[in-house]
There are 2 protein chains.
Amino acid sequence: MTTINDIAQMAKVSRTTVSRALNNSGYVSEDVRKRIMKIVEETGYMPSQSAKSLRTKRSGVIGIILPRLSTETSTRVVNGINEELAKEGFQILLTDTELNKQKEIEYIRLLKTRHVDGIILLATNVNEELIKAIHNIDIPVLAIGQELPGVPSLVYDDYHAAADLTNMLIHKGHERIAFIGVTHDDPSVGGLREQAYRDKMKVNGLEIQETWIGQGDFSIESGYEQMKSILKRSKGQEPTALFAVTDRMAIGAMEYLKEQGYTIPEEMAVVGIGASALSKYITPSLTTIDYHNKDAGKKAAELLLRQLKNEKIDKKFELTYRLIMRNSV
Amino acid sequence: MTTINDIAQMAKVSRTTVSRALNNSGYVSEDVRKRIMKIVEETGYMPSQSAKSLRTKRSGVIGIILPRLSTETSTRVVNGINEELAKEGFQILLTDTELNKQKEIEYIRLLKTRHVDGIILLATNVNEELIKAIHNIDIPVLAIGQELPGVPSLVYDDYHAAADLTNMLIHKGHERIAFIGVTHDDPSVGGLREQAYRDKMKVNGLEIQETWIGQGDFSIESGYEQMKSILKRSKGQEPTALFAVTDRMAIGAMEYLKEQGYTIPEEMAVVGIGASALSKYITPSLTTIDYHNKDAGKKAAELLLRQLKNEKIDKKFELTYRLIMRNSV
DNA sequence: AACTGATGTGTAATCGATTACATGTTTACA
DNA sequence: TGTAAACATGTAATCGATTACACATCAGTT
């Protein structure tokens, strides 16, 4: 492996000069610069990032902490992040917590030892220890999906998105609306979306039967199972619509409904959130909310880069969403 | 940031001893070891990876080069890779070539400067320059999806998978089978799959009308467009079945067919490859081939790790596949 | 002619770890 | 009791870059 010393020797200058030529710092005569660059070209020399980062404390790498690597949402966000970061020559170091809260914290510390310049956290829960861990490391962190106190956060407008969906169903004439949510450990998906549903039902004078409420775990299968038990529990006062807080669970529910011979949307309207590819191509196509995940990723990257340039940024950014009306309603 | 020197000072030993305690190398008395560990715990000290990797030439990071970050196939493979690597404490550095051949080469060199211990390349094409670049860096590289001369490669059995699909359609009585492929720059998807289709048609005495052949670009939209033009071109001798080399293109084609009022599979049978989530939930569900992408990722990681341990491994590994019969045929 | 500021280059310290080598202490066994 | 092997710890070089500081040259100004 050629090092800066080799280049220096070949160009008959000190390595200081080589460094200066490469980084455009300090003075280097045009003559010498050309000589150095030529040799760099020829040898294909590239500076060791480890050495560089040891000295400068910067690595050109941004760490990303994901709850799950294999979801469409994550992928889109990472895609957006990458697109922005690549422009500035940053690389991505990926970690996957597998929904394990402890790992979330572990990875924050681990990324620090790898001298990442910043961290983007796709948050799925909020807890004291996590907040503390974030404040303890002194590199910029940006959260997506949850509002973390004291941490710049990029959040989806979960409340209003869910409220819009609920209102829409009500305006379509539905009075008995079932709901499949997730654990409240996840304040955004589990908390806000359910809160909005309950609020809007109440505001419109509609009563909620607790038999209509199910809790899944984001998977298609859990949507299937929850739909099954909701129907079983609510015999006699079956709902006429279902609001699932994610597309995947909505699609699982649709599978069960189709299996049981329900017609959608006539006998049961279904809505989800996420605008997954599946939602578009399934029959009937699913009414859902598009959160523009890729844009979220881009925005996150942009904000993080601004932090790296020591710009002050706000603590909270709210993203826009769009209701996509399709044939499941 | 606390360093090894701080720990040494606090424990009243030299940093050598601290290093030994942390890495279980050399002798350290139980007494001192405990003292050091306690301080490490308390301070939350974690060694700087940059320093470590500068000295040892190992980073605990594996570079991954992807053609596209946002496809289901890539995601699954990365997921499998990550699962295996995480077990051994390795992290993943992700790069996305956006299907740009030049970037593929660029990233190989870039990853080297970042001192990654190995590289996994999801290859989409084969060319001289790429091979040369791989041979020029002296860290282990493993290719997935294409057979690269001289490079350990993990390949799907594209030929037989496509042959099986074609045979299956023929045995179902189809004689006029259309085909949507991709560029031959991609020897596996573009070359082998088409070759198998042509071979099997021939073997079975069936003639191929060139009007039945389309070339897409992996996207759903291109499947839609190609189906459209195939039908337009082949008026009078329309095919009765379609073999698209990817699920996404098959699904695009199905969309067009449904739009035009064709019944699937009665008026047109459709098959794809990839076993995407979409293929399962679309109506009718799509007959396809499961390549077990996640397992491929795991296997790739495992092979790379074995190379890192200086085990000799074969140059070529072939993966298994499974034909999933569904309702589109 | 003396001084100043811009330009060009080099010396050596530094970042935070690992590790070859040296040195001292115990233990075990002939 | 002598000595080799095992154990325990430290000194200092090293990895490959950046950068503070020093020094030399040269042009322009007074």
Side-chain angles (χ1 to χ4, degrees), chain A residues 1-37 39-40 43-61 89 109-110 112-117 137-139, chain B residues 1-37 39-40 43-61 89 109-110 112-117 137-139:
Chain A
M1 199 59 195
T2 57
T3 74
I4 196 172
N5 287 307
D6 302 333
I7 305 296
Q9 220 164 22
M10 294 165 91
K12 300 190 203 316
V13 293
S14 75
R15 64 164 167 280
T16 309
T17 306
V18 176
S19 172
R20 280 199 274 253
L22 260 52
N23 298 293
N24 290 316
S25 56
Y27 294 111
V28 180
S29 67
E30 205 41 50
D31 223 28
V32 171
R33 178 186 305 274
K34 271 197 193 126
R35 184 147 39 100
I36 291 173
M37 286 315 188
I39 295 175
V40 168
T43 55
Y45 162 76
M46 297 199 81
S48 150
Q49 276 296 333
S50 308
K52 210 164 174 156
S53 126
L54 173 60
R55 185 62 226 248
T56 61
K57 310 289 173 213
R58 303 185 135 256
S59 60
V61 175
R109 306 229 344 258
L110 182 100
K112 165 99 184 185
T113 74
R114 297 210 176 269
H115 288 296
V116 298
D117 296 337
I137 60 166
D138 55 357
I139 53 180
Chain B
M1 199 58 193
T2 58
T3 73
I4 196 172
N5 287 308
D6 303 332
I7 304 295
Q9 219 164 24
M10 294 164 91
K12 300 190 203 315
V13 293
S14 75
R15 64 164 167 281
T16 310
T17 306
V18 176
S19 173
R20 280 199 273 254
L22 259 51
N23 297 294
N24 291 315
S25 57
Y27 296 111
V28 179
S29 66
E30 206 39 50
D31 223 30
V32 171
R33 178 186 304 274
K34 273 197 191 126
R35 182 145 43 97
I36 291 173
M37 287 313 189
I39 295 174
V40 168
T43 56
Y45 163 76
M46 297 198 79
S48 150
Q49 276 297 331
S50 308
K52 209 163 174 154
S53 128
L54 173 61
R55 185 62 229 250
T56 61
K57 309 290 174 212
R58 303 186 134 254
S59 60
V61 174
R109 306 231 340 263
L110 182 102
K112 165 100 183 183
T113 75
R114 296 209 177 272
H115 288 294
V116 298
D117 296 336
I137 58 165
D138 55 357
I139 52 180

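A, B, ... follow the sequence lines: proteins, then strands. Residue 1 opens every chain. Quantities reported herein were computed from a predicted structural model and do not represent experimental measurements.
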OP1 or OP2 of [N] under 4.0 Å from side-chain N/O of [X]:
{"X": "B:Y27", "N": "D:dA8", "value": "no"}
{"X": "B:S19", "N": "C:dT18", "value": "yes"}
{"X": "B:S29", "N": "D:dC7", "value": "no"}
{"X": "B:K57", "N": "C:dT18", "value": "no"}
{"X": "A:S53", "N": "D:dA17", "value": "no"}
{"X": "A:T3", "N": "D:dC15", "value": "no"}
{"X": "B:S14", "N": "D:dG10", "value": "yes"}
{"X": "A:N23", "N": "D:dT18", "value": "yes"}

Tell me: [atom1] of [X] to [atom2] of [N], nearest whole Å?
{"X": "A:L54", "N": "D:dT19", "atom1": "CG", "atom2": "P", "result": "12 Å"}
{"X": "A:K52", "N": "D:dT19", "atom1": "NZ", "atom2": "C1'", "result": "14 Å"}
{"X": "B:N5", "N": "D:dG10", "atom1": "CG", "atom2": "C1'", "result": "13 Å"}
{"X": "A:I7", "N": "D:dG16", "atom1": "CD1", "atom2": "P", "result": "12 Å"}
{"X": "A:H115", "N": "C:dG16", "atom1": "NE2", "atom2": "C1'", "result": "8 Å"}
{"X": "B:L22", "N": "C:dA17", "atom1": "CG", "atom2": "P", "result": "9 Å"}
{"X": "A:Q49", "N": "C:dC15", "atom1": "CD", "atom2": "C1'", "result": "15 Å"}
{"X": "B:R58", "N": "D:dT14", "atom1": "CZ", "atom2": "P", "result": "23 Å"}

Would you sort out whether B:V13 and B:I36 count as a side chain to side chain contact (heavy atoms under 4.5 Å, CB included), showing the intermediate values?
CA-CA 9 Å; B:V13 293; B:I36 291 173; 4.1 Å; yes
Look up atom [atom1] in [X] and atom [atom2] in [Y], then write down how far apart they are to the nearest 0.5 Å.
{"X": "A:R55", "Y": "B:S50", "atom1": "CZ", "atom2": "OG", "answer": "13.5 Å"}
{"X": "B:H115", "Y": "A:M1", "atom1": "NE2", "atom2": "CE", "answer": "7.0 Å"}
{"X": "A:T17", "Y": "A:L22", "atom1": "OG1", "atom2": "CG", "answer": "11.5 Å"}
{"X": "A:N24", "Y": "A:R33", "atom1": "CG", "atom2": "CZ", "answer": "5.0 Å"}
{"X": "B:R20", "Y": "B:S14", "atom1": "CZ", "atom2": "OG", "answer": "6.5 Å"}

If you assign B:R55 and B:R33 each to the DNA chain D nucleotide with the nearest heavy atom, which residue ends up on the more 5' nucleotide?
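The residue closer to the strand's 5' end, by nearest nucleotide, is B:R33.
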Nearest-nucleotide 5' precedence on DNA chain D, B:E30 against A:S48
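Nearest nucleotide further toward 5': that of B:E30.
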Mind checking if B:T16 touches a base, just sugar-phosphate, or nothing, with heavy atoms under 4.0 Å?
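Base: the residue B:T16, judged by heavy atoms under 4.0 Å, touches a nucleobase.
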Need to verify one output field. Residue with the more 5' nearest nucleotide on DNA chain C, B:M1 or A:G26?
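Here A:G26 is the residue nearer the 5' end.
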Base of D:dT19 paired with side chain of A:R20 (donor-acceptor, under 3.5 Å):
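A donor-acceptor contact between them is absent.
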